[in-house]
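Report on one structure; see the data block that follows.
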Amino acid sequence: KQEVTQIPAALSVPEGENLVLNCSFTDSAIYNLQWFRQDPGKGLTSLLLIQSSQREQTSGRLNASLDKSSGRSTLYIAASQPGDSATYLCAVANFGNEKLTFGTGTRLTIIP
Amino acid sequence: NAGVMQNPRHLVRRRGQEARLRCSPMKGHSHVYWYRQLPEEGLKFMVYLQKENIIDESGMPKERFSAEFPKEGPSILRIQQVVRGDSAAYFCASSHGTLNTGELFFGEGSRLTVL
């Protein structure tokens, strides 16, 4: 059974700093891994999708990496801004079924 | 191109009543998924549907919960005889194809409160 862990559960960082969010998963037989952002009381916004054959994906100030063999992914946010404050979720899609398994998220606060 | 639309956004029910949550997928998407987010917990898969078919309902409670995605109209998640433990945010997501081919796009969620 796939388990996804995100550490830390909460993170506070001064504005302008670069930061890394971590995601680990126990079953490496995955199609892909997706990073989402969730604002309080809102839905999920897809940030980056990494296919199992890829090592990383970039979008603007965001860079996500995937090391499938070790069961790890990182989300790197450059030059953080107060608007980046949100909960960041990673989710994996496993072979053999159509369900995403989510981590419990990292609640990020950027301090102005 | 409108995103995934869910309604109602907020729903209050008393114990024993029925809750119906609706989801219209993105245009061109024929795969619909429902997830539940309990307070202070992560999102959990409930059910995966394609038009007129339930493909995987392994995450859905066996009693009181049902889902459909008819040929015409939105997908419906129905909860009968609601209990306080059903209070949660229910998210619908859609995709163009199966998960191995593309991204999943989520709606804003329907927040159910059971009094």
Side-chain angles (χ1 to χ4, degrees), chain A residues 1-7 9-10 21 23-54 57 59 62 64 66 68 86-107, chain B residues 2-7 9-10 21 23-26 29-50 53-60 69 88-113:
Chain A
K1 178 188 171 188
Q2 178 73 271
E3 292 182 5
V4 180
T5 303
Q6 291 185 249
I7 295 173
L21 306 180
C23 172
S24 61
F25 48 95
T26 55
D27 183 352
S28 61
I30 64 171
Y31 287 137
N32 55 53
L33 182 145
Q34 200 165 351
W35 282 93
F36 295 90
R37 168 189 172 133
Q38 185 176 27
D39 292 282
K42 299 289 188 182
L44 279 68
T45 301
S46 178
L47 297 174
L48 289 164
L49 171 72
I50 312 178
Q51 298 292 353
S52 62
S53 58
Q54 297 175 320
Q57 281 284 345
S59 175
L62 306 180
L66 174 65
K68 201 174 67 166
T87 296
Y88 290 80
L89 300 165
C90 74
V92 297
N94 270 94
F95 286 122
N97 63 63
E98 285 295 308
K99 7 180 143 169
L100 287 182
T101 303
F102 280 85
T104 50
T106 294
R107 188 177 305 166
Chain B
V4 178
M5 304 300 291
Q6 290 189 248
N7 67 84
R9 293 289 312 279
H10 299 275
L21 310 177
C23 169
S24 296
M26 288 180 70
H29 287 191
S30 58
H31 300 250
V32 165
Y33 308 77
W34 286 92
Y35 285 78
R36 177 165 68 174
Q37 187 175 38
L38 293 166
E40 304 305 320
E41 292 188 22
L43 280 86
K44 305 291 185 190
F45 168 84
M46 297 183 74
V47 62
Y48 162 49
L49 311 102
Q50 295 180 25
N53 289 299
I54 298 174
I55 307 301
D56 182 350
E57 57 183 349
S58 60
M60 206 149 67
F69 188 17
Y90 292 83
F91 290 96
C92 173
S94 73
S95 66
H96 184 266
T98 52
L99 287 184
N100 66 323
T101 60
E103 286 177 80
L104 208 55
F105 294 89
F106 281 78
E108 294 276 288
S110 291
R111 283 157 180 83
L112 172 66
T113 301

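Please read all numbers here as calculations on a predicted model, not as lab measurements.
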- Query: Is the number of heavy atoms from other residues, nucleotides or ligands under 6.0 Å of B:H96 NE2 greater than 12?
  - Reply: no
dist A:T104:OG1 -> B:L43:CG (nearest 0.5 Å) comes out at 11.0 Å
At a 4.5 Å cut-off on heavy atoms, which part of [X] comes close to chain B: side chain, backbone, both, or neither?
X      : result
A:F36  : side chain
A:L89  : side chain
A:Q51  : side chain
A:L100 : both
A:E98  : both

The side-chain contact (heavy atoms from CB on, under 4.5 Å) partner of A:L44 among B:F106, B:F105, B:Y35 is B:F106
Counting heavy-atom pairs under 4.5 angstrom with chain A, the leader among B:R9, B:E41, B:Q37 is B:Q37
Closest non-hydrogen atoms of B:S58 and A:K99, given as atom of the first, atom of the second and distance, are OG-NZ, 2.6 Å
Between B:L104 and A:Q34, the two heavy atoms sitting closest are O-NE2, 3.3 Å
Honestly, the part of B:I55 sitting under 4.5 Å from a heavy atom of chain A is neither
Bottom line for B:Q6: the part with an atom under 4.5 Å from chain A's heavy atoms is neither
